[in-house]
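Lettering of chains follows the sequences in order, A, B, ..., and the numbering in each one begins at 1.
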Protein chains: 2
Amino acid sequence: MNKGVTEPEAMESGTRTSTQASTVYDRLQDDILTGQLKPGRKLRLKDLIEEYNTGNSPLREALNRLSANGMVVREENSGFRVSPANTEELMELTRTRCWLEEIALRESIAHGDVAWEERIVLAFHWLNREAQSKVDNVKHTSSEWEDHHAEFHETLISACNSNILIDFCAQLAKRTLRYRNLVEVMEYRYRHEMEEHRDLQQAVLDRNADLAVELLTKHYTVTSEIVLTSGRFD
Amino acid sequence: MNKGVTEPEAMESGTRTSTQASTVYDRLQDDILTGQLKPGRKLRLKDLIEEYNTGNSPLREALNRLSANGMVVREENSGFRVSPANTEELMELTRTRCWLEEIALRESIAHGDVAWEERIVLAFHWLNREAQSKVDNVKHTSSEWEDHHAEFHETLISACNSNILIDFCAQLAKRTLRYRNLVEVMEYRYRHEMEEHRDLQQAVLDRNADLAVELLTKHYTVTSEIVLTSGRFD
DNA sequence: ATTGCAAGTTTTATCGAATATATTCATAAC
DNA sequence: GTTATGAATATATTCGATAAAACTTGCAAT
């Protein structure tokens, strides 16, 4: 509109240094993960441009990034859709996640230093606290708890000495989270997760790798099974 | 221009059903993997538009996809560059690759069926044949051998029952290949790779998981070390 | 010399329009 | 009824131009 004057002007939300493609990427990913955008749903460019109040190019760039991460599938010459969800994929995700996190956890336990232990203690503390406020019926967005939960699990494997592996695990965690958010019933969360996390943390701090791996694997497997029986996808 | 008649017209290369963004994606990836585009190199849009004879949008879409795969790094508001290469990353890649392929190989050996065995035999045959023609000084593009090589390793782990894991391994393979292509001296290939592949194949067909894993791990580790001592990155 | 600033230049990111491709719908032939 | 055909419509992809941001350069002050 104006060239020389670069009016700072009311900019939606103070997205200073970030690019538009990146913010719409974040929002899209978030909406997919939280289940706002349902699996398999066609992503019509025109609609998204309206919905996310952005332009053609940034939107397409975001979608292209998401497609490389498996969040979205690209259909050559006919646009994009949210990657479909099905039982088989959740099982595959869980299986693979157990394999990868086992390695990452063992390596972390073998090489983690004191600072790593401290980060675990802190992450557990925050998770616990959040869980407590949930029990006490304090208003909390479920996403806050999810953030702390993700943070806790990330911290456990953060000393594995491979950022690539950490990144893979993060991808698996995200894609799994989507399934959890697809089942409406939230009951499944009120099982013994607090105890599970406590025991897991203890085993890790004790450097008891075998036990820790067993607990972690069971944690993921049980969650997956609950989700599988609670929800119908595909 | 014309609608009903779809004039074929001189179209660069017969890109029928594929989109322009995808073809430039393939070419870019190829040029990065083969080392035509050196690590860390700035990717100026204007230059690439010329070089790849394409437009702004498809190019940016391709770059965005590549950035999600770690082939290219995005620098918010200042474009793209080829991901830098350094000793540490190669070591991390190799380490991670050994971990992941160990799992994938063990699973494949545990669950692979007869068809899988046949695919291995075939893949090995083609690789061997290609290697032979190399020894005989028959003209061969190095990429042909690389294709067969990749195919062989992919086949070994193809029965692991997790496409996600297979995909991760493929990513690691690609990113490792780039380092191999960075060292000009090709001598490193003329070691006992043929024997290594033969022994590996044998162990796999014998369903001797421990031996197979040992051979595979050594194969990757040795290659990595040779590359590390032959080339200087970072 | 070094730092700070401001115009000018280059490069990136985004927009709006044009083109190519897919999809739908109606009609006709079997 | 089912399949084939072709216009009409919708949608995706790409182009060319504009705006925004980063980077450079030159000059002035310390």
Can you give me the dot-bracket string for DNA chain D, 5' to 3', counting Watson-Crick and G-U wobble pairs with both distances under 3.5 Å, using [ ] for crossing pairs and | for partners on another strand? ||||||||||||||||||||||||||||||

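Closest-nucleotide positions on DNA chain C for A:A21 and A:S78 were compared, and the one nearer the 5' end corresponds to A:A21. Judged by closest nucleotide on DNA chain C, B:G79 is the one of A:G55 and B:G79 placed further toward the 5' end.
Across all non-hydrogen atoms, the minimal contact from A:R97 to A:L172 is CA-CD1, 3.7 Å. Minimum heavy-atom separation, B:T23 to B:S18: CG2-OG, 3.8 Å. Taking all atoms of both residues into account, the shortest heavy-atom contact from B:L105 to B:I157 is N-CG2, 4.0 Å. Closest heavy-atom contact between B:R41 and B:L37: NH1-CD2, 3.5 Å.
Distance B:I49 CD1 to C:dA13 P: 12 Å, rounded to the nearest Å. Regarding B:E75, its CD atom lies at a distance of 12 Å from the C1' atom of D:dA22, rounded to whole Å. Atom CG of B:L45 and atom C1' of C:dT11 are 7 Å apart (whole Å). Rounded to whole Å, the distance from CZ on B:R74 to P on C:dA13 is 9 Å. Taking atom CG of B:L48 as the reference point, atom C1' of C:dT11 lies 12 Å away to the nearest angstrom. Regarding B:D47, its CG atom lies at a distance of 8 Å from the P atom of C:dT12, rounded to whole Å. As rounded to whole Å, 16 Å separates atom C1' of D:dT13 from atom CG of A:L43. Between the CG atom of B:L59 and the P atom of D:dC15 there is a distance of 11 Å, rounded to whole Å.
Taking side-chain N and O atoms only, B:K42 has no distance below 4.0 Å to OP1 or OP2 of D:dC23. Put simply, A:Q20 has no side-chain N or O that comes within less than 4.0 Å of OP1 or OP2 on D:dA20. Of the side-chain N and O atoms in B:K46, none sit less than 4.0 angstrom from OP1 or OP2 of C:dT9.
Distances were taken from every side-chain heavy atom of A:T54 (C-beta onward) to each of D:dT14, C:dT14, C:dC15; the shortest belongs to C:dC15. Comparing atom distances between the A:E61 side chain and each of C:dT12, C:dA22, C:dT14 picks out C:dT14 as nearest. Closest approach to the A:R60 side chain among D:dA21, D:dT13, C:dC15 is made by D:dT13 (side chain taken as heavy atoms from C-beta onward). Distances from the side chain of A:P58 to the nucleotides D:dC23, C:dT11, C:dT14 place C:dT14 closest.
Salt bridge B:E88/B:R95: present, at least one basic N to carboxylate O contact under 4.0 Å.
With contacts defined as side-chain heavy-atom distances shorter than 4.5 Å, the pair A:Y179/A:L93 qualifies.
If you check distances only, the side chain of B:N56 does reach the base of C:dT14 with a donor-acceptor pair under 3.5 Å.
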Given B:E107 and B:N161, is the side chain to side chain donor-acceptor pair (under 3.5 Å) satisfied, shown in steps? CA-CA 7 Å; B:E107 290 292 321; B:N161 231 337; over 6 Å; no

Would A:S22 and A:R65 count as a side chain to side chain donor-acceptor pair (under 3.5 Å) if you check the C-alpha gap in whole Å, the side-chain angles of each, and the deciding distance to 0.1 Å? CA-CA 10 Å; A:S22 289; A:R65 280 184 221 168; 3.2 Å; yes

